[in-house]
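The structure appears below as structure tokens.
We count residues from 1, following the sequence as given.
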Amino acid sequence: MEASGLSRRGLLKGAAVTTGGAVLGLGMVPMARAADSSITATSPDGANRITMSLLGGVLQWSVKRGARTVLNSSALGLTLSDGTQLGTGNVSVTNYQHWTKDSTWTPVYGRNATIRDHYQEMRWNLRDNTSGVNFSVQLRAYDTGVALRHVLLDSGSATISDELTTWSFPADTTVYSARDEDAYSPIAPAAIPYTGTSSTDNGNLSDLPLLVTLDNGVYATVCESSRVNYPRSMVSSVTGADSTLKTYLMKKSARSAGTAQNTTSVTTPFATPWRVLVLGDEAGDLIDNAELVLNLAPACALPDTSWIKPGKVFRCELTTAAGTEGVDFAAARNLDYIEYDAGWYGPEFSTPDATTPIAAIDLPTVIDHATANGIGVFLYVNRIALTDPDTLFALYKSWGVAGIKLGFINDGTQAMTNQIISWAKTAAKHELLIDMHDDVRSWGYERTYPNWISLEGVRGNEQFPTATNNVLLPFARNVGGPMDYTICYGQSRDQTTNNHQLAMAAVYYQPLNFLYWYSKPSAYATTANWPGLAWFDAVPTTWDESTTVAASLGEYVAVARRSGTTWFLGAMNNEAARTVPVPLDFLDSGTSYTATLYADGTAGSTPHSTPTVVSTRTVTSATTLNVTMTSAGGQAVILTPVS
């Protein structure tokens, strides 16, 4: 929707006015010039500004939050396979467009029941005068952050060999770098370590999402959104530019041998993924602003989503008895699904046929028992068994299976991006939920295909990481999308207290939450020994409202989420014991609540041995809870209105 014939002044005046659901100030001004100029998209609250400049025929971008610089002048552009570099010289503007949009949409599940999509967009159509290629750069500014992307405008085809986007942060910026499922390391942008193997991309590379802290007090998380027919991006250090990172397009699968793709061939017009900066003045703002990634993704592509059900999952051992016991445990503990993991159809890396269970599992009996008890069944499938996913998924649907967990899905190349989307589409065709495991990163497509309900790509409890790792995840990996952390309760290998694990169910956003990982129902036979069971019984996985109530990066985090009239508050600590004041001003004023607290008792000899102390008290919105946590500890609180 574009209107022409308006003056630039008239367009700018119109762009400043918005109403719910309307797109105003929509316009296009024809131009043909290579003169130095710039345009700035400003967030509705005026805080965030993303600027694109044309200086001597060269494109650059920069970002400010208030008076503080987030990005200094940074490069823009694409390199085509014939050597053409779009944006690096002899560029002229051919059109200028801008508008403001304000609307809301309802996710199938999420952190909040509704999401506001409110932004200003600025767009230049451009021409590379050397090659004659026409392209565009789109800028968006939201209250929650900023984003940009490139668009190749000419009809036909193109082959992209590199993306030139850089991120030039101010001096003394710290980035929290991690690759694959490593722990995050706070370092200077220039100090990202050299990693890679003979079968993977090599370089001073870090995965996204990337947490960034600026010396001026701004917090940022670098993400990508709406990646289609394009390789996954990483960021790399830049030699000789201490505070600059460059967008790196992956050429190989993340951590496995496969065909390298050094270029990306596309049909044009074609839009690259959005390059996203989620922004905030406090660390907790990053958690609360994470829906920016979803706002930039395409709308839901499924006409019917009534069958998509978020929930809690229990993994069963590989026998019929374990499956039926798992169903009974799930029904008793208010879980939604059981899962048979790797090995249910044989050794996963040498069994390409995932249609016949091992002799120890009578799968029809387990599925029938699950269905009779209102429990769904997930089945794990290694990627080598996905030669004919349409037939396989149709078979699983005929069995009564609810979802599939795909293993060793290591994305990175353009082909793997498209393969992942194809699996999600095919699963949706057969009304199957899908959970992608191993080195996968989100790009907002759980909005487009909400049956793609979860993914891993995180240093979770399969590695039993440190508490410091765990309290960084909400600001980094989890900003990008759901993360399958696999919560453990009562595991001696945990480096945290049981309450730290309980709190994850509220702190982390995870619509398909695997609980009691590495455990079995008999471990909890004496329920009096496990006071946290009641918390896991009650806590949901999808929410009507969410807010971060306390956070200090790398030290602690507390998040409150509402389902109906009940609030669930989770607080997690690093290895330093502390008491954190948590105001309950998110509660309805004038209403009293019963607070059921699951708190750390006296610290044990190891965090795991620290007991859980359960207590209740009456609170209101005027109450401040003093949340006391031991080393690697936590606290979980259920807040229920007093009837």
Side-chain angles (χ1 to χ4, degrees), residues 21 103-117 225-229 290-291 293-313 330 334-339 367-368 370-381 386 388-406 409 417-437 440 442-455 481-482 484 509-514 540-546 563-564:
S103 62
T104 59
W105 57 280
T106 302
V108 178
Y109 52 81
R111 305 167 182 87
N112 297 285
T114 60
I115 297 174
R116 189 179 186 184
D117 189 15
S225 183
S226 194
R227 172 174 26 120
V228 183
N229 198 25
E291 286 167 337
V293 176
L294 294 179
N295 269 329
L296 293 161
C300 180
L302 304 181
D304 176 25
T305 59
S306 60
W307 55 274
I308 296 175
K309 180 184 176 183
K312 296 172 284 190
V313 194
N334 198 30
L335 308 181
D336 303 278
Y337 301 99
I338 64 162
E339 187 242 358
I367 292 175
D368 286 348
T371 302
N373 283 275
I375 303 299
V377 175
F378 267 75
L379 296 177
Y380 174 95
V381 182
L386 292 172
D388 185 359
D390 188 54
T391 299
L392 185 65
F393 295 174
L395 177 66
Y396 289 168
K397 182 63 177 178
S398 73
W399 289 353
V401 170
I404 47 176
K405 174 181 168 182
L406 302 185
I409 308 305
T417 295
N418 295 338
Q419 181 65 81
I420 288 168
I421 293 173
S422 176
W423 284 327
K425 287 181 179 179
T426 304
K429 172 184 172 183
H430 299 290
E431 295 190 351
L432 292 172
L433 302 180
I434 193 165
D435 177 14
M436 306 248 188
H437 250 238
V440 184
S442 174
W443 62 89
Y445 245 56
E446 67 270 22
R447 176 183 180 184
T448 314
Y449 289 95
N451 64 305
W452 181 10
I453 196 167
S454 188
L455 62 156
D484 193 350
Y509 170 59
Q510 167 55 330
L512 189 75
N513 214 345
F514 280 77
T541 66
T542 188
W543 308 96
D544 295 315
E545 185 180 356
S546 297
S563 177

| query | Given side chains that start at C-beta, do those of W423 and I404 come closer than 4.5 Å, heavy atoms only? | reply | no
| said: Given 3.5 Å as the limit, does a donor-acceptor pair link the side chain of N112 with the main chain of S546, or not? | reply: yes
| said: Using a 3.5 Å distance criterion without hydrogens, assess whether the side chain of D435 forms a donor-acceptor pair with backbone atoms of I453. | reply: no
| Nearest 0.5 Å, what's the OG1-CG distance between T114 and D544? | 9.5 Å
| query | Are the side chain of D336 and the backbone N or O of K312 linked by a donor-acceptor pair below 3.5 Å? | reply | yes
| Contact check, side chains of P450 and L302, non-hydrogen atoms, under 4.5 Å | yes
| query | Can you tell me how far CD of E545 sits from OG of S563, rounded to the nearest 0.5 angstrom? | reply | 11.5 Å
| message | I'd like to know if the side chain of N451 and the backbone of L432 have a donor-acceptor N/O pair within less than 3.5 Å. | response | yes
| note | Scanning both residues in full, the closest heavy-atom pair of W443 with V293 reads C-CG1, 4.3 Å
| query | Is a side-chain donor or acceptor of R447 paired with a backbone partner of A297 at a separation under 3.5 angstrom? | reply | yes
| message | Measuring only between side-chain heavy atoms, which start at C-beta, is W452 closer than 4.5 Å to I421? | response | no
| Spacing of I308 atom CD1 and Y449 atom OH [to the nearest 0.5 Å] | 11.5 Å
| said: Measuring only between side-chain heavy atoms, which start at C-beta, is L455 closer than 4.5 Å to Y445? | reply: no
| query | Between A394 and H430, which heavy-atom pair has the shortest distance, and what is it? | reply | CB-CE1, 3.4 Å
| Between the side chain of W307 and the main-chain N/O of E431, is any donor-acceptor distance below 3.5 Å? | no
| field | Taking every non-hydrogen atom, the tightest pair across G444 and L294 | value | O-CD2, 3.8 Å
| query | Can you tell me how far the CD atom of E291 sits from the CD1 atom of I115, to the nearest 0.5 Å? | reply | 4.0 Å
| Stepwise side-chain contact (heavy atoms from CB on, under 4.5 Å) check, V401 with F393 | CA-CA 9 Å; V401 170; F393 295 174; over 6 Å; no
| message | Tell me if a side-chain donor or acceptor on T542 pairs with a main-chain N or O of G110 at a distance below 3.5 Å. | response | yes
| Given S103 and D117, is the side-chain contact (heavy atoms from CB on, under 4.5 Å) satisfied, shown in steps? | CA-CA 5 Å; S103 62; D117 189 15; 3.8 Å; yes
| Closest approach of E339 and K405, non-hydrogen atoms and distance? | OE2-CD, 3.3 Å
| From OG1 (T426) to CG (D390), nearest 0.5 Å | 6.0 Å
| Do side-chain atoms of T541 reach the backbone of G311 as a donor and acceptor pair under 3.5 angstrom? | yes
| pair C300-T305: side-chain heavy atoms closer than 4.5 Å | yes
| remark: Between A402 and Y337 the two heavy atoms that sit nearest each other are CB-CE2, 3.8 Å
| pair Y396-I367: side-chain heavy atoms closer than 4.5 Å | no
| task | Say whether, by atom type as modelled, one donor and one acceptor occur between the side chain of S422 and the main chain of N418 under 3.5 angstrom. | result | no
| Does any non-hydrogen side-chain atom of V108 lie less than 4.5 Å from one of E446? | no
| Closest approach of P511 to P310 (non-hydrogen atoms, all atoms of both residues) | O-CB, 3.3 Å
| V313 side chain near L335 side chain, heavy-atom distance below 4.5 Å | no
| message | Distance check, rounded to the nearest 0.5 Å: H437 atom NE2 versus I409 atom CD1? | response | 10.5 Å
| request: Using modelled atom types only, decide if a donor and an acceptor are shared between the side chain of N373 and the backbone of I375 within a distance under 3.5 Å. | output: no
